[in-house]
Amino acid sequence: MDSGLAELDARITGCRACPRLVAWREEVARTKRAAFAEWTYWGRPVPGFGPADASLLIVGLAPAAHGGNRTGRMFTGDRSGDVLYAALHDVGLASRGTAVSADDGLELYGVRITSPVHCAPPANRPTPGERDACRPWMISELELLRPTLRAVVVLGAFGWQAVLPALAGAGWDVPRPRPAFKHGARIMLDGRPRPLDVFGCFHVSQRNTFTGRLTPAMVRDVLRTAAEAAGLPTMPSKR
């Protein structure tokens, strides 16, 4: 991994800027869930995951209390990750369709995954202040990815509201008023060294996937279109 991004990830994992989030993530790591009683929880901020030369960035919301907060890797060990990584594998952007632990051998191809809030929040709901406190980390990550980044997929309205100001802070031209979030949204932002395509997708939360609001096919369609914009090869649909 590029030394700049590796250094950023290391700094993120030591952040204690938000007292409510620090208390919650550490309490969850101590008490655990019965099903994971034998695990040693990560219990810290979760850095981004994927290569430093990624051309496609996927932005979520925040780590899950018993997912990323347990495993130490984005979308790893929870139902949302099950949907996302299965879709990435189906499209040809991941080496496998499951994400169990940080040492399970999973690789992403040209894709990096991050979130606007790096700590697990109570009820999966960060406050606006916590989102804003975490924004400098995202701006720094975007600046480091800038040489290769060509497309961004944003999962959900919270991520959309968080990532557009971060993109502006990293030097891309974000229109005002800011475009509204919707599934299937696509906007192009001017910037150097090239314009950036930004795509909206419903979040892969159980609330959306269990109700059918978001189907695996819908996730694959957004990922395939974004990968094409990012110049990444994909696998033809098998479903």
Side-chain angles (χ1 to χ4, degrees), residues 1-52 57-85 88 94 96 98-108 111-142 144 155-156 158-159 162-163 166 203-207:
M1 179 181 287
D2 176 83
S3 60
L5 200 53
E7 179 181 348
L8 176 70
D9 288 346
R11 290 171 56 209
I12 287 172
T13 63
C15 183
R16 301 183 65 85
C18 301
R20 186 182 81 113
L21 297 187
V22 171
W24 173 253
R25 76 188 192 214
E26 294 181 354
E27 174 65 17
V28 169
R30 282 193 299 271
T31 58
K32 307 181 182 181
R33 177 176 282 172
F36 306 121
E38 301 303 314
W39 276 77
T40 298
Y41 274 52
W42 174 256
R44 290 179 276 167
V46 180
F49 168 53
L57 181 67
I58 298 174
V59 179
L61 191 161
H66 301 282
N69 189 57
R70 170 172 59 91
T71 63
R73 195 174 70 189
M74 288 285 172
F75 281 102
T76 298
D78 61 51
R79 294 290 182 88
S80 295
D82 291 345
V83 174
L84 178 60
Y85 286 114
L88 285 166
R96 53 187 288 176
T98 57
V100 179
S101 65
D103 60 357
D104 60 10
L106 172 65
E107 294 182 63
L108 299 180
V111 178
R112 184 169 170 86
I113 300 175
T114 193
S115 64
V117 175
H118 287 275
C119 292
N124 291 320
R125 293 181 181 176
T127 67
E130 290 161 350
R131 174 200 64 199
D132 295 346
C134 223
R135 183 174 298 149
W137 296 126
M138 175 162 280
I139 291 174
S140 296
E141 189 168 12
L142 288 165
L144 288 166
L155 303 175
F158 183 94
V163 79
H203 196 280
V204 288
S205 66
Q206 294 181 55
R207 182 187 310 169

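Bear in mind that the values here come from a model prediction, so they are computed numbers and not experimental data.
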Got a second to check how far Cys119's SG is from Ile12's CD1, nearest 0.5 Å?
-> 10.0 Å
Residues which pass side-chain hydrogen bond (donor to acceptor under 3.5 Å, both in side chains) with Thr71, listed by chain and number, not counting sequence neighbours = none
CG of Leu84 to NE2 of His203, rounded to nearest 0.5 Å, is 8.5 Å
Not counting sequence neighbours, which residues clear side-chain contact (heavy atoms from CB on, under 4.5 Å) with Val46? List them please.
-> Trp42, Pro63, Met74
Between Pro51 and Val111, is any pair of side-chain heavy atoms under 4.5 Å apart?
-> no
What residues, two or more places apart in sequence or in another chain, satisfy salt bridge (charged side-chain N to carboxylate O under 4.0 Å, His left out) together with Arg11?
-> none
Sorted by chain and residue number, the side-chain contact (heavy atoms from CB on, under 4.5 Å) partners of Glu26 (sequence neighbours excluded) come out as Arg16, Val22, Arg30
Is the backbone N or O of Gly43 less than 3.5 Å from a side-chain atom of Arg25, with the two atoms forming a donor-acceptor pair by type?
-> yes
Shortest non-hydrogen pair, Trp137 vs Cys15, comes out as NE1-SG, 3.7 Å
By side-chain hydrogen bond (donor to acceptor under 3.5 Å, both in side chains), which residues pair with Arg20, not counting sequence neighbours?
-> Glu130
Nearest-0.5 Å distance, CG of residue Leu61 to CG of residue Leu155 | 9.5 Å
Correct closest heavy-atom pair for Leu106 and Ala99 would be CD2-CB, 3.9 Å
CG (Leu108) and CD1 (Ile113) are apart, to the nearest 0.5 Å, by 5.0 Å
Please report the closest heavy-atom contact between Ser140 and Leu8, naming both atoms and the distance.
-> CB-CD1, 3.8 Å
To the nearest 0.5 Å, what is the distance between CG (Asn69) and OG1 (Thr76)?
-> 12.5 Å
Nearest 0.5 Å please: distance from the OG atom of Ser115 over to the CD atom of Glu141.
-> 8.5 Å
What do you reckon, is CZ of Arg96 surrounded by more than 12 foreign heavy atoms closer than 6.0 Å?
-> yes
Heavy-atom pair of closest approach, residues Ser101 and Asp103 = OG-OD1, 2.6 Å
List for me each residue that meets side-chain contact (heavy atoms from CB on, under 4.5 Å) alongside Ala166, sequence neighbours excluded, and say none if there are none.
-> Arg135, Met138, Ile139, Leu142
Salt bridge (charged side-chain N to carboxylate O under 4.0 Å, His left out) against Arg73, all qualifying residues, sequence neighbours excluded = Asp104
Please list every donor-acceptor pair under 3.5 Å in which a side-chain atom of residues 31-38 meets a protein atom from a residue at least two apart or in another chain.
residue, atom, partner, partner atom, Å
Thr31, OG1, Glu27, O, 3.0
Lys32, NZ, Ala37, O, 3.4
Lys32, NZ, Trp39, O, 2.5

ring-ring contact (aromatic ring centres under 6.0 Å, His included) filter on Tyr41, not counting sequence neighbours, yields His66
Which atom pair, heavy atoms only, marks the closest approach of Leu21 to Pro122?
-> CD2-CD, 4.0 Å
Pro136 and Ala133: which non-hydrogen atoms are nearest, and at how many Å?
-> CD-O, 3.4 Å
